[in-house]
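Quick notes on the structure that follows.
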Amino acid sequence: MTETLVGTAAAAGPARPLVQVENLGRVFDVSPPWLNRVIERLPQRLLRAVAGVNFTIDRCETFALVGESGSGKSTVAKMVVGLIPPTTGQVIIDGVSMTNPAHDGQRRALRRRIQMVFQDPYASLNPRWRAFDIIAEPIRAFSLADSRQEIAARVGELLTLVGLDPADGAKYPHEFSGGQRQRIAIARALASEPEFIVCDEPTSALDVSVQAQILNLMRDLQDRLGLTYLFISHNLAVVRHMANRIGVMYLGRLVEVAPSRDLFRAPRHPYTRMLLDAVPDLEMTGRQRKAVEGEIPNPIDPPAGCAFHPRCPFANDRCRAERPEPVAAGAGEVACHAVAEGRI
Amino acid sequence: MTEPVLSVRNLKVEFPTRRGRLTAIDDISFDLMPGEVLGVVGESGAGKSITGTAIIGLIEPPGRIAGGEILLKGRRIDNLPPDAMRKIRGKRIGMVFQDPLTSLNPLYRIGDQLIETVQTHTDLSAAAARNRALALLTEVGIPAPASRIDNYPHQFSGGMRQRVVLALALAAEPELVIADEPTTALDVSVQAQIIALIKRLCRQHGAAVMLITHDMGVIAETADRVAVMYAGRIVEIGPVRDVVKQPHHPYTKGLMGSIPTIATESDRLLQIPGSMPRLTAIPKGCAFHPRCPARFAPCDQVRPELAGRDRSQVACWLYHDVPAPAELQP
Ligand SMILES: Nc1ncnc2c1ncn2[C@@H]1O[C@H](COP(=O)(O)OP(=O)(O)OP(=O)(O)O)[C@@H](O)[C@H]1O
Ligand SMILES: Nc1ncnc2c1ncn2[C@@H]1O[C@H](COP(=O)(O)OP(=O)(O)OP(=O)(O)O)[C@@H](O)[C@H]1O
Ligand code: SF4
Ligand SMILES: [Mg+2]
Ligand SMILES: [Mg+2]
């Protein structure tokens, strides 16, 4: 990595967060095809994948999103990098809106500074390109190296950084194992020397020793180059290790945002508590992990009131009728009536 | 003595490459008994997925099984003609691929793919197959399956796709399930549900499961025995308690040491220094010796074989009789 980024990050000084996510929402149409719908008289089906999500990420900070499978984490990530447009709200990165057409020019300049590591490393690597070209592409596209030798040296360095061999650059994606492909995706994301990286399950296919190597690398780069991360993982231990702040999602909404330390020491939202109780027991003390109880609700027809109420041990009539809004709790925010009323 | 569901004997898998022959699997053997879950862990690129792919006969040419044999309920399956093997796949052996997109066709609805699989392996009517498909989706925890069954794969989240693939593998109630990272993208609660499902399958149908995962929490909870792989070989195999709580092989020890936990906060995770050798350049002696903190005289000379210590087996000179100095070059 060149050291120039340190300068840019520091010079941009003002306290404005690097990433501002405002009232973000996304609805998908999952209706059967139009013709079937007409013939079989089926209603249109809308799926609210994300609704009313607000958070900010400061420079050099790691903000993590956790939550159940299907709760909307990847959808938020894709809207943050501008891959899919939001239905409501907006994302602003370094003052530039990711949706406003007036910001088109500035957004193009922003592209190099933002990278994403996708949840599915298979789909994101071009099967007909050698690993070398996959990693070199952003270096060429953004003219980050002048000569062939310089590009080769840089690609070799990136491969070594993620625990592969420079000679592996000659191989095609199908010749790598799952975890090796994931590391190529990470090397590619680092190639354009970005300031902000959105990582969707970046280490989910890695064994724990390579995972440790990659996570340590990500933290080293953050310290050295002032990187900012939006980090999505289902692994709470990994999140605890990486994140400064954590947002917990449930059925498309943020139910709790808190500094990492507070969240693990004193989870507030009943769903967060349940999530922490369900972590598997590695010590094999015989502790039965508590299963998260109840049905996973349907995002097409979410429960009224608090979406978590059918599974919540603290739910009362108000919970079943009125949706809780996020309120300040400690250093974070929680959307729960029981917490707001001081019942728990 | 009950017969193992699966026996792998001295399996060897090779890929010819531009740089010479690459031995991805080098002489591995293990048995899987009815109702047993064997966890397989190990370094990324160690050969876990290739082992599974070899068992179901889907090694991509020019790769090939270069030695050994694979037996399903006592009958060899590694030398069957492609037709016979196709009948076994899906019906008697269910496979969950690490890459969910291998099993899912992006152009077909989730439901149609499930129904087709169910109908290929059973004689259910279309309506009954649809009900079975809905039941399978419920079992793997897809909420409101009736309103999602007609969706396309891209309309599902990563973890939801992974669960559909598991539903596909279980559709015919196979005798052997090879599940390659079936829970990687799943949060803890869905993970618990999937684990319960796998265990029920073993208990009720006497199925055997080869569970490839890097998630030690899942292993600790699900597996009866664990095999640890490094550079194409099994370096340690034994009951899960022994391997997780008292690992013997220095690689296994390093692996257990790098697991982050939610109980502690630390700035750096422990990592094993260096990285796995390229399979075309496996060092002489023990393949782990360049990274091993405990290496001594024989380690860079003679390869340690997997050998017993009680119920566990380890391939490491620390636990075997060291060859006489005369056999070692100075
Ligand atoms: N392109 C799409 N069309 C229709 N529905 C979609 C689409 N993408 C996502 N969804 C739906 O939106 C919801 C949220 O999906 P998302 O991928 O954001 O979940 P996630 O939190 O990342 O889950 P996972 O942990 O399983 O990856 C899911 O119900 C999913 O089926
Ligand atoms: N088609 C191929 N041609 C050449 N080499 C291959 C091919 N497929 C796999 N390999 C190599 O074989 C080795 C074993 O791969 P495998 O996919 O079994 O690893 P794995 O243990 O499943 O790793 P991971 O945990 O990363 O998924 C890897 O080093 C890989 O590079
Ligand atoms: S608002 Fe009510 S139902 Fe929702 S989490 Fe809080 S207590 Fe439970
Ligand atoms: Mg996702
Ligand atoms: Mg694999």
Side-chain angles (χ1 to χ4, degrees), chain A residues 28 30 32 45 66-70 74 119-120 122-123 163-165 167-168 170 174-180 183 201 204-213 215-216 219 234-238 240-241 261 264 274-276 278-282 284 289 291-292 295-301, chain B residues 15 17-19 41-46 48-49 60 98-101 141 143-144 147-148 150-151 155-160 163 181 184-193 196 214-218 220-221 241 244-245 254-255 258-262 265-272 275 278:
Chain A
F28 289 111
V30 293
R45 283 202 178 117
V66 300
E68 215 150 40
S69 169
S74 298
Q119 181 167 9
D120 191 343
Y122 315 95
L164 295 171
D165 192 288
D168 286 329
H174 78 271
E175 295 176 284
F176 289 99
S177 76
Q180 291 168 338
R183 286 182 269 165
E201 302 278 2
S204 65
L206 299 178
D207 64 276
V208 284
S209 78
V210 175
Q211 169 175 283
Q213 186 187 344
L215 296 179
N216 286 337
R219 284 187 59 157
H234 70 280
N235 185 329
L236 292 171
V238 166
R240 162 153 215 186
H241 180 72
R261 194 165 300 166
F264 282 97
M274 222 179 234
L275 206 59
L276 292 184
V279 172
D281 172 23
L282 237 181
M284 302 188 67
R289 71 157 127 172
V292 174
E295 281 279 295
I296 304 168
N298 176 4
I300 297 175
D301 182 20
Chain B
F15 289 94
T17 69
R18 292 170 289 279
R19 249 170 261 268
V41 300
E43 190 91 349
S44 167
K48 305 180 293 293
S49 300
E60 256 178 70
Q98 188 169 9
D99 169 8
L101 302 174
S147 58
R148 301 308 295 272
D150 290 318
N151 283 181
Q155 296 178 312
F156 272 30
S157 77
M160 288 163 73
R163 284 177 278 159
E181 306 280 6
T184 37
L186 301 180
D187 56 279
V188 283
S189 58
V190 183
Q191 221 175 54
Q193 193 177 353
H214 61 272
D215 190 327
M216 291 296 170
V218 170
E221 249 178 306
R241 274 195 96 78
V244 172
K245 294 213 82 167
L255 201 59
S258 1
I259 304 174
T261 68
I262 66 161
E265 209 172 325
S266 62
D267 266 359
R268 285 189 79 77
L269 296 167
L270 290 176
Q271 63 184 65
I272 306 173
S275 45
R278 290 168 58 76

For the backbone of A:Ser204 and the side chain of B:His214, can you confirm whether one donor and one acceptor N or O come within less than 3.5 Å of each other? yes
Donor-acceptor contact present, side-chain A:Asn216 to main-chain B:Gln271, <3.5 Å: no
Rounded to the nearest 0.5 Å, what's the gap from CG on A:Leu275 to CG on A:Leu236? Could you check? 5.0 Å
Highest number of heavy-atom pairs under 4.5 Å with chain A among B:Gly254, B:Gly158, B:Ala196 belongs to B:Gly158
Measure A:Gln119 against the heavy atoms of chain B and call it side chain, backbone, both or neither at under 4.5 Å. side chain
Would you confirm whether A:Gln180, through its side chain, and A:Ser177, through its main-chain N or O, come within 3.5 Å as a donor-acceptor pair? yes
Is A:Asp168 salt-bridged to B:Arg278, cutoff N-O under 4.0 Å? yes
Decide yes or no for A:Ser69 and A:His234: does some side-chain heavy atom of the first lie under 4.5 Å from some side-chain heavy atom of the second? no
Backbone N/O of B:Ser49 and side chain of B:Gln98: donor-acceptor pair under 3.5 Å: no
Side chain / backbone / both / neither for B:Ser44 at chain A, heavy atoms under 4.5 Å: both
With a 4.5 angstrom heavy-atom cut-off, could you sort out which part of A:Asp301 is near chain B: side chain, backbone, both or neither? neither
Using non-hydrogen atoms only, which part of A:Phe264 is less than 4.5 Å away from chain B: side chain, backbone, both, or neither? side chain
Return yes if some donor-acceptor pair links the side-chain N/O of B:Lys48 with the main-chain N/O of B:Val41 below 3.5 Å, else return no. no
Under 4.5 Å heavy-atom distance to chain A, tell me which part of B:Ser275 shows up: side chain, backbone, both or neither. side chain
Which bit of A:Val30 is near chain B, if near means a heavy-atom gap under 4.5 Å: side chain, backbone, both or neither? both
Name the region of B:Asp150, side chain, backbone, both or neither, that has any atom closer than 4.5 Å to a heavy atom of chain A. neither
Bottom line for B:Ser147: the part with an atom under 4.5 Å from chain A's heavy atoms is both
A:Gln213 versus chain B, heavy atoms under 4.5 Å apart: side chain, backbone, both or neither? both
Please classify the contact of B:Gln155 with chain A as side chain, backbone, both or neither, using a heavy-atom distance under 4.5 Å. side chain
